[in-house]
Chemist: 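Here you go, one structure.
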Amino acid sequence: MPSFVTHLESALDGTRLPAGVPQTLHKDRPLWVRYDLAAVKRAVSRDEIAAREATLWKYRELLPYADSKNVVSLGETMTPLVACPRLGARFGLTNLWVKDESRLPTGSFKSRGLAMAVTMAAQFGLRRLAIPTAGNAGGALAAYAARAGIEAFVFMPDDTPAINQYECHLAGAKTFLVPGLITDCGRIVREGRERMGWFDVSTLKEPYRIEGKKTMGLEMAEQMNWRLPDVILYPTGGGTGLIGMWKAFDELVELGWLNDTQRPRMVAVQSDGCAPIVRAFDGGQRFAEPFAGAATIASGIRVPAAVGDFMILDAVRASGGRAVAVEEARLREWMALGVRSEGLAICPETAACVGALEKLAAENWLKPDEHVVIFNTGAAQKYPEAMQADLPRISNPANIDWDRIEQGQSS
């Protein structure tokens with residue numbers, strides 16, 4: 001299969017770099033992968049793509065790998081776009097949908113980015129990878145590296161959800177707990193690069209995780225018959241998914257597969273326990289200051305300093321969107337509301353989006369009939385600490401108090 005990649009490009013100043021060798025950052029800022037979209041348009045139509053098997057890899061003309069033998073896959077199917085009428089009704093919305101990324105092989109949207117990053121590592125012959133992680137990215141790297149036979153080193157804060165710790169270890173990654181935050185883990189990865197000879201696959205510190213994440217936008221456009229919703233709410237830590245989707249929409253417009261006038265308003269959602277993007281947005285800044293004392297049970301959005309901060313803010317502003325912080329103290333409440341309303345096992349990061357629905361609907365920023373999509377970025381089951389509950393007990397099964405059972409109380 002021919003590759004349609006032409007070059008890499010600095011997201012900060014447009015500097016062109018070659019795509020045929022491993023690249024990291026330019027002036028400490030991320031790179032875009034650029035394609036010959038005119039050639040893509042001649043090579044394939046959107047109807048031909050829609051007719052292919054429903055996997056992440058169906059969009060291969062808009063993906064960076066050149067040789068299918070290097071593809072590292074665990075069976076990444078398209079994720080469902082699920083109508084959520086009862087949850088929407090709570091906030092006066094008649095057209096609410098959830099794109100449920102928990103169905104991916106490692107239980108979160110991180111499967112997309114790491115499948116692509118590890119595929120490109122295999123293409124470049126890299127044999128040792130390292131990542132700092134707030135949780136799910138580490139588990140995804142461990143799994144895809146195991147699939148590829150590549151050595152993986154994972155560094156995570158010592159209060160990362162236990163499931164994430166165990167899945168990394170189980171998959172054979174050399175897994176380390178670090179006192180502090182993901183930024184402290186990132187420093188270890190940076191300092192070890194020369195001594196350990198590993199390649200850093202941190203969020204946006206290599207260009208290919210964006211390409212994996214942008215498939216969320218490609219899938220959604222196809223699932224909606226090549227239209228887009230009015231609003232997308234996205235839980236934002238490093239922001240790769242939001243950035244990737246905005247890139248996907250640009251590419252689809254240039255291909256003529258989408259109408260440029262019908263772009264969604266992008267909402268970057270954070271907890272008020274860690275809201276650097278929101279502070280920068282509200283302050284009219286292009287770059288975000290590190291957020292001191294970051295703390296949230298939504299570990300995936302506990303990112304006090306994002307290397308792609310300006311890319312997130314640029315996309316949000318270009319879309320006419322918002323950056324919104326919600327109350328940390330209510331995340332468990334919103335998580336339970338989401339699950340009990342629709343049966344979808346939403347994670348605490350997505351619970352923040354439920355809180356943003358409440359806030360934006362109350363402000364009338366969301367209109368009742370608008371088509372709104374939120375992303376469930378991971379499975380609730382991966383966050384046992386956020387789901388803990390004291391369950392009622394039946395102390396004597398031979399003498400049950402059925403009235404108490406009906407009330408959900410111990411008997």
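Residue numbers start at 1 and run along the sequence shown. Keep in mind that the numbers below use all heavy atoms, side chains included, and drop hydrogens, waters and symmetry copies.
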Chemist: Determine whether the aromatic ring centres of Phe310 and Phe287 lie less than 6.0 Å apart.
Modeler: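 Yes: the rings meet the under 6.0 Å criterion.
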
Chemist: Trp198 ring centre to Arg127 NZ or CZ under 6.0 Å, with the angle to the axis within 45°?
Modeler: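 No.
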
Chemist: Applying side-chain hydrogen bond (donor to acceptor under 3.5 Å, both in side chains), can you list everything that pairs with Glu349, at least two apart in sequence or on another chain?
Modeler: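 Once residues adjacent in sequence are excluded, the partners of Glu349 under the side-chain hydrogen bond (donor to acceptor under 3.5 Å, both in side chains) criterion are Tyr383.
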
Chemist: Looking only at heavy atoms, what is the nearest atom pair of Arg128 and Ile150, with distance?
Modeler: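 Nearest heavy atoms, Arg128 then Ile150: N-CG2, 4.0 Å.
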
Chemist: Go through the side-chain N and O atoms of Thr377 and Glu101 and say whether any donor and acceptor fall under 3.5 Å apart.
Modeler: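 No.
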
Chemist: Taking side-chain hydrogen bond (donor to acceptor under 3.5 Å, both in side chains) as the definition, give me every residue that meets it alongside Trp334, ordered by chain and number, with sequence neighbours left out.
Modeler: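 Checked Trp334 against side-chain hydrogen bond (donor to acceptor under 3.5 Å, both in side chains); matches are Glu358.
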
Chemist: Using a 3.5 Å cut-off and no angle test, enumerate the donor-acceptor pairs between side-chain atoms of residues 227-244 and protein atoms at least two apart in sequence or in another chain.
Modeler:
| from | atom 1 | to | atom 2 | distance (Å) |
| --- | --- | --- | --- | --- |
| Asp230 | OD2 | His371 | N | 2.8 |
| Thr236 | OG1 | Tyr234 | O | 2.9 |

Chemist: Determine, for Arg302 against Asp159, whether the closest basic-nitrogen to carboxylate-oxygen distance falls under 4.0 angstrom.
Modeler: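 Yes, Arg302 and Asp159 are salt-bridged.
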
Chemist: Can you list every salt bridge (charged side-chain N to carboxylate O under 4.0 Å, His left out) pair that touches residues 275-300, not counting sequence neighbours?
Modeler: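 Listed once each, the pairs are Arg286-Asp314.
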
Chemist: What pairs meet the salt bridge (charged side-chain N to carboxylate O under 4.0 Å, His left out) rule with one or both residues in residues 82-97, with sequence neighbours excluded?
Modeler: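 Salt bridge (charged side-chain N to carboxylate O under 4.0 Å, His left out) check on residues 82-97 returns Arg86-Glu342.
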
Chemist: Would you say the side chain of Lys174 lies within less than 4.5 Å of the side chain of Val154, judging by non-hydrogen atoms?
Modeler: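 A side-chain contact is absent here, since even the closest heavy-atom pair is not under 4.5 Å.
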
Chemist: Would you sort out whether Glu191 and Arg187 count as a salt bridge (charged side-chain N to carboxylate O under 4.0 Å, His left out), showing the intermediate values?
Modeler: CA-CA 6 Å; Glu191 292 177 354; Arg187 177 182 53 79; 3.3 Å; yes

Chemist: Can you see which heavy atom on Asn136 is nearest to which on Thr133, and at what distance?
Modeler: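 That would be N-OG1, 4.1 Å.
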
Chemist: Can you spot which of Leu366, Asp369, Leu87 makes a side-chain contact (heavy atoms from CB on, under 4.5 Å) with Leu93?
Modeler: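 Per the side-chain contact (heavy atoms from CB on, under 4.5 Å) rule, the option paired with Leu93 is Leu366, out of Leu366, Asp369, Leu87.
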
Chemist: In chain order, what residues pass the side-chain hydrogen bond (donor to acceptor under 3.5 Å, both in side chains) check against Lys214, with sequence neighbours excluded?
Modeler: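 Here the qualifying residues are Glu211, Glu251.
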
Chemist: What residue among Asp309, Ile210, Ile312 forms side-chain contact (heavy atoms from CB on, under 4.5 Å) with Leu204?
Modeler: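 For Leu204, the side-chain contact (heavy atoms from CB on, under 4.5 Å) check succeeds only for Ile210.
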
Chemist: Looking at every non-hydrogen atom in both residues, tell me the closest pair between Leu344 and Val339 and how far apart they are.
Modeler: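 So the minimum-distance heavy-atom pair works out to O-CG2, 3.2 Å.
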
Chemist: Measure from NZ or CZ of Arg265 to the centre of the six-membered ring of Trp365 and say whether it is under 6.0 Å with the direction within 45° of the ring axis.
Modeler: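 Here Arg265 passes the 6.0 Å and 45° test against Trp365.
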
